[in-house]
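Here is the structure we will look at, set down as C-alpha cells.
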Protein chains: 2
Amino acid sequence: MAKTASPKQQLFEQLALIGRALGHSARLELLDYLAQGEHSVEDLARAARLSVANTSKHLQQLRAAGLVDARRDGKYVRYTLADERLLDMLAAMRGIARTHLDTVRDLLASYLQGRDGLEPVPAHDLMRRARDGLVTVLDVRPAEEYAQGHIPGALNIPLERLRERIAELPVDRQIVAYCRGPWCVLSFDAVAGLRAAGFDARRLEDGLPEWRRAGLPVVRE
Amino acid sequence: MAKTASPKQQLFEQLALIGRALGHSARLELLDYLAQGEHSVEDLARAARLSVANTSKHLQQLRAAGLVDARRDGKYVRYTLADERLLDMLAAMRGIARTHLDTVRDLLASYLQGRDGLEPVPAHDLMRRARDGLVTVLDVRPAEEYAQGHIPGALNIPLERLRERIAELPVDRQIVAYCRGPWCVLSFDAVAGLRAAGFDARRLEDGLPEWRRAGLPVVRE
DNA sequence: GCTGTATTCAACGTTTTGGTTGAATGAAAG
DNA sequence: CTTTCATTCAACCAAAACGTTGAATACAGC
C-alpha cells in the first residue's frame with residue numbers, strides 16, 4: 001500500500017522540490033546564466049564547466065521544479081527562466097546569506113579589497129548620472145549576453161578583452177561596470193583592473209537581471 | 001591536497017546551503033511553525049510529528065544555513081526565525097509553485113471546493129472592514145501561537161475547538177478566518193466548517209507572518 | 001550530590017542525489 | 001538515406017542526506 005500524505009505534506013513536498021532545485025551550486029550557477037537570457041545546453045555546460053550530460057540532468061531538475069522552460073530550436077534546446085519571481089527569491093537568499101553566513105561575509109569582503117571607492121552604485125543613481133552624461137556604463141559580460149539585453153547606452157567589453165580594449169574608454173568620466181548580478185565576479189575584476197589602470201571606476205550595485213526586474217529600461221541593440 | 005574552489009563557486013556553495021535547507025518538507029513545516037513565533041524543540045517535534053532527535057537535526061541544518069536562531073532558556077532551547085526576509089523567499093516559492101507546478105494547482109483547487117464565496121480576503125480589505133466593525137476576525141491557530149502575536153481584535157478559537165465553541169461567534173457578521181499562512185490548512189477547514197454551519201465565512205489571503213511582514217499591526221494580547 | 005527532563009551527539013543502515021560513461025533519440029545537412 | 005551534431009536516456013558507482021537508536025550533555029529541582 002502506498003503512503004498516504006496529507007495535503008499539507010504534499011504541498012510542503014512540492015515546495016521542497018523548488019528548494020532542492022536551489023540546493024546545488026551548479027544549478028545556481030546555471031540559473032545565473034539563464035537570468036541573462038536564453039541559452040542552449042552545451043552553451044551552459046561550457047559556461048559552468050560541466051559535462052553536457054550533467055548539465056542536461058541539472059536543467060531537467062530545474063524544469064521539474066518549474067524554474068526554467070525549455071523549447072526546441074532546430075538542433076538546439078533553448079532554456080530560459082520560467083519566472084521572474086525567481087530573481088526575488090535569489091535576492092532574498094543573497095540577503096540572508098550575507099547577513100547570517102560568515103563565510104559569505106568574508107568572501108565578499110575579500111572581493112572588496114579596494115574598500116572605500118568600491119562601494120557599489122545604486123541603480124537609480126546610475127540612471128540619473130547616465131542621463132546627465134556623467135558616466136560611462138560598461139557591460140563586461142560576454143557579447144552574447146549583451147546582445148540579449150543590456151542597459152541603454154552601455155558599452156560592451158567582455159572582461160577577457162578589457163585589457164586589450166581599455167583604450168576605448170574615455171579617461172575623463174567615471175566608469176560604472178555591471179555584469180550578471182550583485183555577486184558576479186566579472187565587474188569586481190573589471191573595476192579592480194580599471195582602477196589599476198588609473199580610471200575612476202565603480203560597480204553597479206546589481207546586475208542586469210535585477211535592473212530589468214526593477215522595471216528599468218533594457219534594450220536589445 | 002584539498003580542492004581549491006573559486007570564490008564564485010564558494011559563494012554559490014553557500015547559497016546552495018540555504019537552498020538545501022529549504023529542500024525538505026519537514027524543514028519547511030518547521031519554518032512554518034517558527035514563523036508564528038518562538039518554539040522549543042519538542043514543541044516543534046510534536047507539531048510536525050517528528051522524533052525529537054530528527055527535529056533537532058533538521059533545526060541544526062536550518063541554523064547552519066542562517067535561517068533560524070537558537071537560544072537556551074533553562075531546560076529548553078527556543079528556536080526563532082533568524083530573518084524576516086525568509087518570508088519573502090517562501091512567498092516567492094509559493095508563487096512559483098502555484099504557477100508552474102500542476103500538483104500544487106490541483107491541491108489548492110481541491111481545498112477550494114466551495115469555489116466562488118471562498119475567494120480569500122486581501123489584508124488591506126480586512127483592515128478596513130475590521131475597523132468599520134463589519135467583520136469578526138477569527139484566529140484558528142493554537143492558543144500558544146495566538147499568544148505570541150495576533151491581529152488586533154481577533155478572536156482565538158483553535159480549529160479543534162471550533163465545533164464546540166461555534167456558539168461564541170456572532171451570526172450577523174461575516175467571519176474572516178486566518179492561520180499560519182496562505183496555504184495553511186487550518187483556515188481552509190475552518191471556513192468549510194463555518195459555512196456548513198450557516199455562517200458567512202471567508203479566509204484571509206495570508207497568515208499572520210505575512211500580515212506582520214507587511215507592516216500591519218500585531219498585538220500580543 | 002542525585003534525579004528527571006530537554007536537547008544534542010555518534011554510529012548505523014537506507015535512500016536519494018551527483019556525476020560519468022556509452023548508447024539512443026531528434027533534427028538538419030549532405 | 002546516411003551523416004552529423006545537440007540533447008537525452010539508462011546504467012552504474014560514489015557521495016551525501018535521512019531517520020533511528022542509544023548514549024552523552026545541560027540544566028532545574030531537590
Side-chain angles (χ1 to χ4, degrees), chain A residues 2-3 5 9-10 12-31 33-34 38-65 67-80 144, chain B residues 2-3 5 9-10 12-31 33-34 38-65 67-80 144:
Chain A
K3 280 255 183 70
Q9 296 296 336
Q10 289 181 57
F12 282 129
E13 202 52 65
Q14 292 291 307
L15 284 183
L17 205 64
I18 296 180
R20 266 198 301 276
L22 300 174
H24 194 285
S25 60
R27 285 191 292 271
L28 291 172
E29 187 169 359
L30 293 174
L31 288 173
Y33 295 127
L34 288 170
E38 216 173 34
H39 288 282
S40 72
V41 177
E42 72 166 355
D43 202 0
L44 291 164
R46 188 164 3 89
R49 300 166 168 279
L50 299 170
S51 76
V52 173
N54 194 9
T55 305
S56 172
K57 227 166 54 165
H58 280 307
L59 288 169
Q60 282 169 58
Q61 222 169 319
L62 290 170
R63 203 154 79 112
L67 302 184
V68 306
D69 285 329
R71 72 177 179 89
R72 253 233 178 243
D73 174 21
K75 282 200 292 194
Y76 303 89
V77 175
R78 312 266 186 204
Y79 281 87
T80 50
E144 312 83 56
Chain B
K3 279 255 183 69
Q9 296 296 335
Q10 289 180 59
F12 281 129
E13 201 54 64
Q14 292 290 308
L15 284 183
L17 205 64
I18 296 180
R20 265 198 301 278
L22 300 174
H24 194 286
S25 59
R27 285 190 291 270
L28 291 172
E29 187 168 359
L30 293 174
L31 289 174
Y33 295 126
L34 288 169
E38 215 174 34
H39 288 282
S40 71
V41 178
E42 72 166 356
D43 202 0
L44 291 164
R46 188 164 2 91
R49 299 167 168 277
L50 298 171
S51 76
V52 173
N54 195 8
T55 304
S56 172
K57 226 165 57 166
H58 281 307
L59 288 169
Q60 281 169 59
Q61 222 169 317
L62 290 170
R63 202 154 80 113
L67 303 184
V68 305
D69 285 329
R71 71 177 180 88
R72 238 209 201 258
D73 175 21
K75 282 199 295 191
Y76 303 89
V77 176
R78 313 266 185 204
Y79 281 87
T80 50
E144 312 83 55

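Just so we're on the same page: letters track the sequence lines, and every chain starts at 1.
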Could you tell me how far apart [X] ([atom1]) and [N] ([atom2]) are, to the nearest whole angstrom?
{"X": "B:Tyr76", "N": "D:dG29", "atom1": "OH", "atom2": "P", "value": "10 Å"}
{"X": "B:Leu30", "N": "C:dT7", "atom1": "CG", "atom2": "C1'", "value": "15 Å"}
{"X": "A:Asn54", "N": "C:dT17", "atom1": "CG", "atom2": "P", "value": "15 Å"}
{"X": "A:Asp73", "N": "D:dT7", "atom1": "CG", "atom2": "P", "value": "10 Å"}
{"X": "A:Arg78", "N": "D:dA6", "atom1": "CZ", "atom2": "C1'", "value": "11 Å"}
{"X": "A:Lys75", "N": "C:dA24", "atom1": "NZ", "atom2": "P", "value": "21 Å"}
{"X": "A:Asp43", "N": "D:dT7", "atom1": "CG", "atom2": "P", "value": "8 Å"}

Does [X] make a side-chain N or O approach to OP1 or OP2 of [N] shorter than 4.0 Å?
{"X": "A:Ser56", "N": "D:dT7", "answer": "no"}
{"X": "B:Gln60", "N": "C:dT7", "answer": "no"}
{"X": "B:Gln61", "N": "D:dC18", "answer": "yes"}
{"X": "B:His58", "N": "D:dA17", "answer": "no"}
{"X": "B:Ser51", "N": "D:dG19", "answer": "no"}
{"X": "A:Tyr79", "N": "D:dT8", "answer": "yes"}
{"X": "A:His24", "N": "C:dG19", "answer": "yes"}
{"X": "A:Arg72", "N": "C:dG26", "answer": "no"}

(request) Answer with yes or no whether the side chains of A:Ser56 and A:Gln60 bring together a donor and an acceptor at under 3.5 Å. (result)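 Yes, a side-chain donor-acceptor pair sits under 3.5 Å.
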(request) Could you check whether the rings of B:His39 and B:Tyr33 sit parallel, tilted or perpendicular, using 30° and 60° as the cut-offs? (result)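 Taking B:Tyr33 first and then B:His39, their aromatic rings stand perpendicular (interplane angle over 60°).
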